[in-house]
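Residue numbering restarts at 1 for every chain, and letters A, B, ... go by the order of the sequence lines. Just so it is clear, the values below take in all heavy atoms, side chains as well, and ignore hydrogens, waters and symmetry mates.
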There are 2 protein chains.
Amino acid sequence: MEKCSKCGETTLIRSGFIRGKQRFFCKSCESYITIPNPNQPPSKKPHQTTIIDIAKVLGVSPSTVSRALNDSSEINEFTRQEIIRVAQELDYRPNLLAQSLNRGQTHTIGVVIPDIQRPFFAGVLAGIQEVASSAGYRVMICQSNESHSTEILNVQALVSSQIDGLLISHSIETNSFEHLKLHFNRGLPIVHFDRICNEIDTSKVIQEDFNGAFQLVEHLIEQGCKRIAICAGPPDLLISRTRFEGYKAALEKHGLSFDESLVHHTGFKAGESLVGLESWLALPEPPDGIFAVHHANAVEMMVELKQRKIKIPKQIALVGFGDDQIASLIEPPLTVFHLFPFKIGATAAKMLINQIVEKEQSPTSQVTIQGELRVRSSSLRKN
Amino acid sequence: MEKCSKCGETTLIRSGFIRGKQRFFCKSCESYITIPNPNQPPSKKPHQTTIIDIAKVLGVSPSTVSRALNDSSEINEFTRQEIIRVAQELDYRPNLLAQSLNRGQTHTIGVVIPDIQRPFFAGVLAGIQEVASSAGYRVMICQSNESHSTEILNVQALVSSQIDGLLISHSIETNSFEHLKLHFNRGLPIVHFDRICNEIDTSKVIQEDFNGAFQLVEHLIEQGCKRIAICAGPPDLLISRTRFEGYKAALEKHGLSFDESLVHHTGFKAGESLVGLESWLALPEPPDGIFAVHHANAVEMMVELKQRKIKIPKQIALVGFGDDQIASLIEPPLTVFHLFPFKIGATAAKMLINQIVEKEQSPTSQVTIQGELRVRSSSLRKN
DNA sequence: TTCGTTACCGAAAACGTTGCCGATAGTTTA
DNA sequence: TAAACTATCGGCAACGTTTTCGGTAACGAA
C-alpha cells in the first residue's frame, strides 16, 4: 500500500482519475494526492535573461534592477553601473510584452491598408515607418485586400494586440464603419489617410483630390481637348467621387458640357478600364482626351491605345492621377498629378503619435498634402 | 498634533520627506506613515473588458471563463454558453499581450528587409502576409534601409517583442552576423531569403541567381553578342557574387573571354550604373550587350542609352534581372529573368511557421524558387 | 454504507515588469 | 542627542491570462 506523501499514513483510498492519473484520498489528513510524475523532462526552453536573473547575480531585488535600467533617480550610481554591467554580460533584453502589459501601452501602432504592393501604399508605409521608428514606435501592418470583412478582422486583430493607435485607409468595399466607431469611442486614437471616412470624427490626412483632378482636366482643356472622358474609380469611394467632382468643375468652368457617355467607373482592378476605352472609341464622336483617376488605368489604356495605333497625344491626350516611376519611363511619358505618398504616411504617423502622447482629446484636424502637376508629353498637343 | 492612522496615538514625529511628501514615525506602533493623497483623480482610462469582468457578471471564477473561451473539456456546456453570451455582450477581446506573456509565444513573426518600397520586397511581403495571416500569425516588419547598424537594431527590437520567428534578407552593408547567431543559438527560428548568409545554419529560400544570370548571358550570346558587359551589384553581397559567377560561366561555356574592363559594380543606388556605362562607351571597343544584375540599373541604363541615341538592341542589347511592371512597359520592352517575389515570401513564411510549430530541430533546408526567362525586344537582335 | 468515479469548478501560481509603499542606515540639524 | 532628513533598497501588488492542483457534489457499484 502506498503511503500518503503528507502525513505518511497508509490510509489512502482511491479517489477517481483526474487528467488521466490515478488520484488518492488520505483519510488521515483529509487531502487528495496524485502520484507526481517523477521524470518531468525539463523542456529546456531557451531562457531569455530577465531582470530576476540579474537580481540574483548581484543579490539585489528585481525592483532595484528595474530602477537601474529605467534611469530612476532613487538608485546608487555604483549599483546602477554594476547592474548595467551584468545586464550586458547576460545580454539582457527587456521583455516588451511584460513591459507593455504593465504599463498599459505597447508603443505599437497598427496600419491597415488595402494592398502593400501598390507603390502608393508602399510609399505611405515607408513614411509611417520612418516617423514611427524614430519616435520609438513599432508598426504592425495589415492588408485588407480591398475586402470589408478582412478589414474588420484586421482591426480586431490589431486591437487585440493592444495597439496604441491606428492608421487606416479603407478598402473599396467598406461602406459601414461600426468596426471603427466602437474602438474610437473607447478612446483608441485613429488617423485616417487617403481613403478616409467622414462618419467618424478622426484626424485625417488627404491629398488634393479635387484640385488635382481639376488641374489635370483644365490642363487638357488648355491643350485644346474638347471631349474629355474620365475613367473614374469605384463610385462608393470618397476619393473617387471627389476627383470626379474636380473633373466636372473643370469642365463647367471652361464651358464644356458634361457627357455621361464619357464616364466609366472601375474598381481599380487590372483591365477594367479597357471596357470603357472600347466603348468610347466606338462612339460617333470619340474623346480627344482621357483623364484616369487611377494611375494603373492610365498606363493600361496607354498600352491599349498604342496597340490600336492611336496617336498620343495627337488623337487622344492622356493624363493620370498619382505618379509612379512608370509614368516617366513609359512612352510617351505620362502627365500626372503627383501625390507624395511618403509625406502622407509620415504626416499621418506624426499626427497619430501626437494624439497618443498628448492623451488629451485634442481637436481633430484634417491636413491636405499638396500634390504637383507634372506635365509630360502624353498631354502636350500644342507645338 | 496629527494622530497616527494606525494606533491612534499622537506619538508622531517627523521623519523626513519621501518623494516630496512629509513622512511621520509613530513611536507607539513603530511604523512610518505618510499622509495619503486624498483626491486621486481616477484616471478613467477606457477599460477593455477582461475575463474578470465576465467572471464577475456570472459569479464564476476567471479560470472558468478562460476554460470556456479556450474550449477546454472540463467545463459544463451550459456554463460555456452563458460565458460566451456574456463575452459577446461585453465585446470581449482577449488581451494578446497577457496571453503571449503567459503562453510564452506571441504568434508573431518578424521580418527584416532592406526597403519596403522596392517592388521585389513588397511582393515578398505580400507573400509573407498571405501565408502568415492564414496560419494565424501576425507580422511585424522592419526596414534596415541597407544599413548594418539599423539591421541590428531591427533584430533587437523584434527579439524584444518576443517574436516567435524571424525572416530576414540582409542589408548590403551586412558582413558580420553576430547579431543573428546569438539568437539563433538560443533557439530562435530563423529563415533567410534572397540575401542569405551562409555562416549560420538556417533554412533559406533563394532564387536562381546563378542560373538566371547564366541564361540571360547565354541568351545574349545566342543573339550574337560578343562583348558583354555586366553591371554587377555590391561585391560583398552573396547574390551579386553568384550572379557574377553565372555571367562568367556563360562566357566560358561559349568561349568568350572575360574582360575586366566590362565589369562595373554598383550599390543598387540610383544613377550608379551610369558611371559604368559611360566608361564602357568610351572604350575603343564598346560592349554590344549589357547584363544588369539589378533591375533598376537596367532601366536607368536604357533611358541613358536612348538619350544617347544608341539603338537597342541593334547596337547594344540589354537584359536585366528581376522583373517589374516597368520591364514590359518601357520602350523597348526589357528582357529579364523574372523572379517570383510573392512565392519567395510565401515559401519562406511557410518554412518558418513549420519550424515554429514543430519545435524539433528539423534539419534546415534550402529551397530555390524557380525563375523564368522572359525574352523581350531589348535583346532580340535576330529576326 | 463505503468506496470508486466522473464532472465541474475555484484558488493560486506563474509569465516579466513597474511602481507604490515602507523600511533602514547613515547624516545633518537643532 | 534626539529629531529631522537623505539616499537607497526590498516587498508586494498589479497588468490579464493560462494552467496546475485540489476540492466537492453527485452518482454508480460493491
Side-chain angles (χ1 to χ4, degrees), chain A residues 12-19 21-25 27 30-34 36-37 40 45 47-55 58-70 72-80 92-106 160 162, chain B residues 12-19 21-25 27 30-34 36-37 40 45 47-55 59-70 72-80 92-105 160 162:
Chain A
L12 286 186
I13 55 175
R14 260 177 255 263
S15 170
F17 288 87
I18 185 141
R19 279 166 288 270
K21 287 197 302 188
Q22 177 68 256
R23 192 162 68 151
F24 297 92
F25 182 74
K27 299 216 284 192
E30 291 192 339
S31 67
Y32 294 84
I33 57 172
T34 57
N37 228 340
Q40 193 60 273
K45 70 163 90 169
H47 178 68
Q48 279 256 77
T49 65
T50 71
I51 55 171
I52 300 182
D53 298 324
I54 301 177
L58 290 169
V60 298
S61 80
S63 334
T64 305
V65 178
S66 174
R67 269 188 288 258
L69 265 25
N70 288 291
S72 161
S73 59
E74 295 190 12
I75 184 146
N76 182 282
E77 188 53 31
F78 176 74
T79 316
R80 158 181 287 137
Y92 167 77
R93 309 269 167 219
N95 184 324
L96 262 30
L97 288 180
Q99 223 168 49
S100 302
L101 180 60
N102 185 294
R103 297 209 240 236
Q105 50 173 315
T106 53
S160 280
Q162 311 293 116
Chain B
L12 285 185
I13 56 176
R14 259 175 258 261
S15 171
F17 288 88
I18 186 143
R19 280 167 285 268
K21 287 198 302 189
Q22 176 67 273
R23 194 163 69 150
F24 298 92
F25 181 75
K27 300 215 285 192
E30 291 191 341
S31 67
Y32 294 85
I33 55 171
T34 57
N37 225 341
Q40 195 61 277
K45 69 165 88 170
H47 178 69
Q48 279 254 80
T49 65
T50 71
I51 56 171
I52 299 182
D53 298 325
I54 301 177
V60 298
S61 81
S63 338
T64 306
V65 178
S66 175
R67 271 188 284 258
L69 265 24
N70 287 292
S72 160
S73 60
E74 296 190 10
I75 185 152
N76 181 283
E77 188 52 32
F78 176 74
T79 316
R80 159 181 286 136
Y92 168 76
R93 309 270 167 219
N95 184 325
L96 261 31
L97 287 181
Q99 224 169 47
S100 302
L101 180 60
N102 186 294
R103 296 211 241 237
Q105 50 172 315
S160 280
Q162 310 294 113

[N] phosphate, OP1 or OP2, under 4.0 Å from [X] side-chain N/O:
X: B/Arg103; N: D/dT18; value: yes
X: B/Asn70; N: D/dT18; value: yes
X: A/Asn76; N: D/dT8; value: yes
X: B/Ser66; N: D/dT18; value: yes

Work out which heavy atom in [X] is nearest to a heavy atom in [Y]; give both atom names and the distance.
X: A/Gln22; Y: A/Phe17; result: NE2-CZ, 3.5 Å
X: B/Phe78; Y: B/Asn76; result: N-OD1, 2.7 Å
X: B/Pro62; Y: B/Ala55; result: N-CB, 3.8 Å
X: A/Gln162; Y: A/Thr106; result: O-OG1, 2.8 Å
X: B/Leu12; Y: B/Ile33; result: CD2-CD1, 4.0 Å

Q | All side chain to side chain contact (heavy atoms under 4.5 Å, CB included) counterparts of A/Asn70, not counting sequence neighbours | A |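 So A/Asn70 forms a side chain to side chain contact (heavy atoms under 4.5 Å, CB included) with A/Ser66, A/Arg103.
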Q. Taking only residues two or more places apart in sequence or in another chain, which ones pass side chain to side chain contact (heavy atoms under 4.5 Å, CB included) with A/Tyr32?
A.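 Result, side chain to side chain contact (heavy atoms under 4.5 Å, CB included) vs A/Tyr32: A/Ser15, A/Arg23, A/Phe25.
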Would you classify [X] as touching base, sugar-phosphate or nothing, given that sugar-phosphate means primed atoms plus P, OP1 and OP2, and contacts are heavy atoms under 4.0 Å?
X: B/Gln22; result: sugar-phosphate
X: A/Tyr92; result: sugar-phosphate
X: A/Ile51; result: base

Gap between atoms [atom1] and [atom2], on [X] and [N] respectively (whole Å):
X: B/Phe25; N: D/dT6; atom1: CZ; atom2: C1'; value: 17 Å
X: B/His47; N: D/dA14; atom1: NE2; atom2: P; value: 14 Å
X: A/Gln162; N: D/dT17; atom1: CD; atom2: C1'; value: 12 Å
X: B/Asn95; N: D/dT17; atom1: CG; atom2: C1'; value: 8 Å
X: A/Arg80; N: D/dT8; atom1: CZ; atom2: P; value: 10 Å
X: B/Leu12; N: D/dA3; atom1: CG; atom2: P; value: 13 Å

**Q.** Side-chain donor/acceptor of A/Arg80 to backbone N/O of A/Ser72, under 3.5 Å
**A.**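 Yes, because the side chain of A/Arg80 sits within donor-acceptor range (under 3.5 Å) of the backbone of A/Ser72.
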Q.
With a strict under 4.0 Å distance from non-hydrogen atoms of chain B, what nucleotide opens and what nucleotide closes the contacted stretch of DNA chain C, reading 5' to 3'?
A.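 Under 4.0 Å from chain B, the extent on DNA chain C is C/dC8 to C/dT24.
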**Q.** CD-CZ distance between A/Glu74 and A/Arg67, expressed to the nearest 0.5 angstrom
**A.**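 Interatomic distance, A/Glu74 CD to A/Arg67 CZ, rounded to 0.5 Å: 6.5 Å.
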Q: Any chance you could measure B/Leu101, atom CG, to A/Leu96, atom CG, to the nearest 0.5 Å?
A: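 One finds 11.5 Å between CG of B/Leu101 and CG of A/Leu96.
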**Q.** Minimum side-chain heavy-atom gap A/Val65-A/Val60 below 4.5 Å
**A.**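 Yes, side chains in contact.
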Q.
If you assign each of A/Leu69 and B/Ile75 to its closest nucleotide in DNA chain C, which residue comes earlier from the 5' end?
A.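 Whichever sits nearer the 5' end wins; that is B/Ile75.
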Q: Between B/Val60 and A/Thr49, name the one whose nearest nucleotide on DNA chain C is closer to the 5' end.
A: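 Looking at the nearest nucleotide for each, B/Val60 comes out on the 5' side.
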Q: Produce a footprint string for nucleotides 20-30 of chain D: one letter per nucleotide, 5' end first; B if the base is under 4.0 Å from any protein heavy atom, S if only the sugar-phosphate is, - if neither.
A: BBBBB------
(Q) Suppose we screen for side chain to side chain donor-acceptor pair (under 3.5 Å). Which residues come up paired with B/Thr79, at least two apart in sequence or across chains? (A)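 In terms of side chain to side chain donor-acceptor pair (under 3.5 Å), with neighbours along the sequence ignored, B/Thr79 is linked to no residue.
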Q) Between B/Leu96 and A/Thr79, who's closer to the 5' end of DNA chain D by nearest nucleotide? A)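 Result: A/Thr79.
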Q. More 5' along DNA chain D: B/Gln99 or A/Ala98, using each one's nearest nucleotide?
A.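 Residue closer to the 5' terminus by nearest nucleotide: A/Ala98.
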Q) Per the end-axis method with five pairs at each terminus, what is the bend angle of the helix from C/dT1-D/dA30 to C/dA30-D/dT1, to 10°? A)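 So the angle between the two local helix axes works out to 60°.
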